Amino acid sequence: MVIGFIGSGHIGSAVARLAVDAGHTVVMSNSRGPETLADLVGALGPAASASTAEGAAEAGDIVVVTVPFFAYTKVPVAPLAGKIVIDTNNYYFERDGRFPEIDSGAKTPSGLLQEHLPTSKVVKGFNNIMAAHLLSDGTPPGTPDRRALPIAGDDAEAKKIVTDLIESFGFDVVDVGPLSEGWRHDRDKPAYVDRFNADELRAALAKA
C-alpha cells in the first residue's frame, strides 16, 4: 500500500519505518514543508517521499494523522474522503489548550477528528505506545507474551485492514469497539503506555 503521513514526528517516523520495512511506500508531510523532511526521507530509503499534507492525503491508500491534537482542524478534508485514517493523537491540555467537550467527557479526541472528517473512516491506534517501543517491541505472530495494541473505530472493514497492518508490524491487536470507546486507551488511563499482552490489555481497558 501507499501510506500517507500527516505529521512526521516521533510516532509518525516510527510507524513510517515499520511500514517501509513491511514493504509499503510512504509519503511524509509536516507543517513546515516537504523540504524540511529530506533527512527523514533519506533515512527511510527509496520507498519514502515527502509532500504537503494535501499531497500525502491524496497519495495514501491509508493515511496516518499524527499531529498535535490542537491542530486537528488543519487536517485536509476533501482528499481524505472515503479513506481509512489512523488517528494517533493524544489530548494534552498543557500543550493543546482546554477543550471543554473533552474535559467533560461529552466528546473524545478521535471523535472530534471523525467529525472534522465526516466521510473518512477514522480508526484510533498507535496512541498508547512510545515511539521507541514501536521500533523495539514488535515480534512475530505466535510469540509468547506478544505485545498488544488497542484500536477503536466505527467501520468494521477499516478496523480489519488496520488490524492486519498492525499485526504485520509485530503486535497483536485488541479491538476496543466503536470510536466512542477510544477514551479507554487515552492518556492517564490504565491501558496507556505500559506494555501488555492481549489478555493484560483487555483487563487494563476494562478498568477505565
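Keep in mind that the numbers below use all heavy atoms, side chains included, and drop hydrogens, waters and symmetry copies. Keep in mind the model is a prediction, meaning the values are calculated, not measured.
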Requested in this report: Verify salt bridge (charged side-chain N to carboxylate O under 4.0 Å, His left out) between R202 and D199, making sure each step is shown before the conclusion.
Outcome: CA-CA 5 Å; R202 292 185 188 96; D199 288 340; 3.0 Å; yes
Report task. Report the C-alpha distance between L165 and M1 in whole Å, list the side-chain angles of each, state the deciding distance to 0.1 Å, and finish with yes or no for side chain to side chain contact (heavy atoms under 4.5 Å, CB included). Result -> CA-CA 10 Å; L165 185 68; M1 293 186 293; 3.9 Å; yes
**Report entry** Sequence-distant partners of V77, side-chain contact (heavy atoms from CB on, under 4.5 Å), two or more places apart
**Finding:** H116, L117, P118
Report task. Only counting residues at least two apart or in another chain, list the ones meeting side-chain contact (heavy atoms from CB on, under 4.5 Å) with T139. Result -> T143, R146
Requested in this report: Specify the closest pair of heavy atoms between K159 and A152, including all atoms of both residues, with the distance to one decimal.
Outcome: CD-C, 4.1 Å
Report summary line: Heavy-atom closest pair (A191 atom, N128 atom, distance to 0.1 Å) is O-ND2, 2.9 Å
Query raised in the report: Looking only at heavy atoms, which two atoms of I161 and I62 are closest? And how far apart?
Result: CG2-CD1, 3.6 Å
Query raised in the report: Within the distance-only criterion (no hydrogens, no angle test), does the side chain of N30 pair as donor or acceptor with the backbone N or O of G33 below 3.5 angstrom?
Result: yes
Requested in this report: For atom CD of E157, decide whether the heavy atoms of other residues, nucleotides or ligands shown that lie under 6.0 angstrom number more than 12.
Outcome: no
Requested in this report: Give a yes or no answer on whether the side chain of S104 reaches the backbone of A106 with a donor-acceptor pair at less than 3.5 Å.
Outcome: yes
Query raised in the report: Only one of V27, V26, T88 clears side-chain contact (heavy atoms from CB on, under 4.5 Å) with F5; which?
Result: V26
Report summary line: Tightest non-hydrogen contact, residues L179 and Q114, listed as CD2-CB, 3.6 Å
Query raised in the report: Quick one: does NZ or CZ of R187 land under 6.0 Å from the six-membered ring centre of Y192, within 45 degrees of the ring axis?
Result: no
Query raised in the report: For residues D87 and N89, is any side-chain donor paired with an opposing acceptor at under 3.5 Å?
Result: yes
Query raised in the report: Do you know which of I129, V173, N127, D172 makes side-chain contact (heavy atoms from CB on, under 4.5 Å) with L149?
Result: I129
Query raised in the report: Ignoring hydrogens and geometry, is there a side-chain-to-backbone donor-acceptor pair from K83 to A57 under 3.5 Å?
Result: yes
Report summary line: Across all chains, not counting sequence neighbours, the ring pair (Phe, Tyr, Trp, His ring centres under 6.0 Å) partners of Y91 are F69, F99
Report summary line: Closest non-hydrogen atoms of W183 and A208, given as atom of the first, atom of the second and distance, are CZ3-CB, 3.6 Å
